[in-house]
Each structure stands twice: as C-alpha cells, then as structure tokens.
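Numbering of residues begins at 1 and proceeds along the displayed sequence. This is a predicted model, so every value here is computed, not measured.
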Amino acid sequence: MTATGYVSTTGDTRKVNKAGDTMSGDLVLPDNAPDTDLSAASKGYVLAQVAGAGTGVASDTVATETSFGQPSAAGVSATYSRGDHTHGTPASPGGGGSTIRTADVRITAGDVALAATGTWTVVTSGATKLACSVTAAAGDRIQAGPSFMRNGSGAFLDLAILTSAGAISRYLGSGTSSPLPEGNPAYYPQAASFPAAESPVQIVVASGEVDGNGKATIALVYTAGAAETIYAGATYPFYMLLTNYGPEPS
C-alpha cells in the first residue's frame, strides 16, 4: 500500500515506524474488496454494498393493505421500512356495523287472550308490546329469534318490523308491507299434521324503521278469527332475541 502525503522520519518512504511517525492523506488499498473479515474495506466496496441493500434512507410511505385479494410483489424501492411500520388491516367483515349488537327481552306482564280482529295487530300484554328493540341504522341486517308458548288455533301470527312511530311497517314472513294470508308458516296454528319448523328470521332495516332513540323494533303481530292465548307470564315468559349484524359487507 502507499501512504499518500507521508513523510518518513528516517528517509525511507516505504516504512512507517511503530512509534513517532504520523500519516496524513488517503490510505490507498491495493484492491477494492477485503480478503478477510478483519481486512480494511475501500470506499468503493462499501458504496457498492450499500447500493445493493438500498439507499440506507428510511421510507416515509407504506403500502396500504386494507382489502382482501391483493397480489404479492417483491417491490422496487431502494428505501427501507422502519421496524414499527404497519400496513393496516381490512375493515371488519361486519361492514359499517363492525360491532355485532344484540338485545333481548323477557316479558312477564301477563298472558294475552287474543281478540278476534280482521286486521293485523301488534300483540300487547296490557300496555306492553310483545316486542324487542335493538340499536340499528337503515341497511342493517337484523335477525329475530322469538320463543313463546301459545294455546289455541284461532290466530295467524308473524313478526313485523315497526315504523319509527310504532305502527307495522313490514312483515318478516313476506319481507314486504303485505302479510302472507295465513302469517308466517313457522307460526301456523298447530295441529298434528302441521308441526312447526322454526329458525331465526332476518330483515334489512329500511328508512323510517328507526325511532328517535336510534332503535329498530320487531314485534309479534296477529290476526284472529277465534280465541287464542299467547303466554307472557311469570311461569311461561315471552322471550325474543334480536341480533344486528350491520350492513351487508361490500
């Protein structure tokens, strides 16, 4: 190697004394790449390694990965990512209503003897509607699961979502503002030949079906031509569970 700018104290420019000599200027290596782990590395070698690994500069951007089905990519950026960077996550499959909401009611106000009526009516025990309300917004999917006992075969039953004013808006049996002629098939007046086949029923909340408290209400409704009893007392309570799954995911 050559010590550029070195002045020997002994007059021999090829020699550097262990003590007393001072080098100044650049130390020029014989080749670019070090031969061992402890060999000196040239500026050219170090810059080449940095270029291969990136610029050594932290990136101020990050690729957002908040949707499903994105392809993989090796990338071309020379900047590196910080150790605490994040890419984000997709929104909950629950959609805008990312939190599933539930509400239930257990009514023991008293058994209801249904009066004959030619129109569909909300079933009430005294002043208490056999109904349940859950926080909701238009577009939310609500599933209703009632559980109750009845006696008699004089009435057709269904569930209905009410308007913000408390009137019947749409029937869950038909999904429209028009009821099925004999109500929800699962609640058909029971006889040996017509066993019930029940499951939760779903409806999507529409405009005008959320009250001033931000709740949608599902109620038991009926039309009757003869006597029938819906039990809603301490011994045989009326129960309903509502589950709001939010809007359909996009």
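Closest approach of V210 and A138 over heavy atoms only: CG2-N, 4.2 Å. Considering every non-hydrogen atom in both P249 and R141, the closest pair reads CD-NH2, 4.0 Å. Contact record, A40 with P34: O-CB, 3.5 Å, taken as the closest heavy-atom pair.
One hydrophobic cluster, built from ILVMFWY side chains closer than 4.5 Å, holds both V221 and Y188.
Using a 4.5 Å heavy-atom cutoff, the side chains of Q202 and I142 are not in contact. In this structure, C132 and L242 have side chains that are in contact, with non-hydrogen atoms separated by less than 4.5 Å. For the pair Y239 and V105, the minimum side-chain heavy-atom distance is 4.5 Å or more. Using a 4.5 Å heavy-atom threshold, the side chains of T223 and T119 count as separate. In this structure, the side chains of V205 and I161 come closer than 4.5 Å at one or more pairs of heavy atoms.
Put simply, the side chain of D111 gets close to the backbone of G233: a donor and an acceptor are under 3.5 Å apart. Within the 3.5 Å criterion, the main-chain N or O of L114 finds no donor-acceptor partner in the side chain of E228. A side-chain donor-acceptor contact under 3.5 Å links S125 to the backbone of G110. The backbone N or O of N213 lies less than 3.5 Å from a partner atom in the side chain of D211, making a donor-acceptor pair. In this structure, R170 contributes its side chain and V204 its backbone to a donor-acceptor pair below 3.5 Å. Distance alone, capped at 3.5 Å, is enough to place a donor-acceptor pair between the D158 side chain and the G173 backbone. Using a distance-only test at 3.5 Å, with no hydrogens or angles considered, no donor-acceptor pair links the side chain of N184 to the main chain of L159. In this structure a side-chain-to-backbone donor-acceptor pair under 3.5 Å is missing from H87 to T64.
Atoms OH and CZ, on Y187 and R150 in that order, are 10.0 Å from each other to the nearest 0.5 Å. One distance of note links CE of M149 with CG of N151; it measures 7.5 Å at 0.5 Å rounding. Note that CD of E182 and CG of L180 are 9.5 Å apart. Values are rounded to the nearest 0.5 Å. Taking CG from L162 and NZ from K215, the interatomic distance works out to 14.0 Å, rounded to the nearest 0.5 Å. Q143 CD to N244 CG: the interatomic distance, rounded to the nearest 0.5 Å, is 10.0 Å.
There is a side-chain donor-acceptor pair under 3.5 Å between S169 and E209. When only modelled atom types and interatomic distance are considered, T36 and S39 share a side-chain donor-acceptor pair under 3.5 Å. For the residue pair D140 and Y245, no side-chain donor N or O sits within less than 3.5 Å of a side-chain acceptor on the partner.
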| request: Just do the side chain to side chain contact (heavy atoms under 4.5 Å, CB included) check on I218 and V134 with the steps written out, would you? | output: CA-CA 9 Å; I218 305 290; V134 66; over 6 Å; no
Does T243 form a side chain to side chain contact (heavy atoms under 4.5 Å, CB included) with L241? I'd like the steps, not just the answer. CA-CA 7 Å; T243 305; L241 169 67; 4.2 Å; yes
Apply the test side chain to side chain donor-acceptor pair (under 3.5 Å) to residues T124 and K129: give CA-CA distance (whole Å), side-chain angles for both, the deciding distance (0.1 Å), then the verdict. CA-CA 4 Å; T124 60; K129 293 179 179 178; over 6 Å; no
Checking side chain to side chain contact (heavy atoms under 4.5 Å, CB included) for the pair I230/F148: CA distance, chi angles, key distance, verdict? CA-CA 7 Å; I230 303 297; F148 61 93; 4.1 Å; yes
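Looking at Y171, F156, Y222 one by one, the single match for ring-ring contact (aromatic ring centres under 6.0 Å, His included) with W120 turns out to be Y171.
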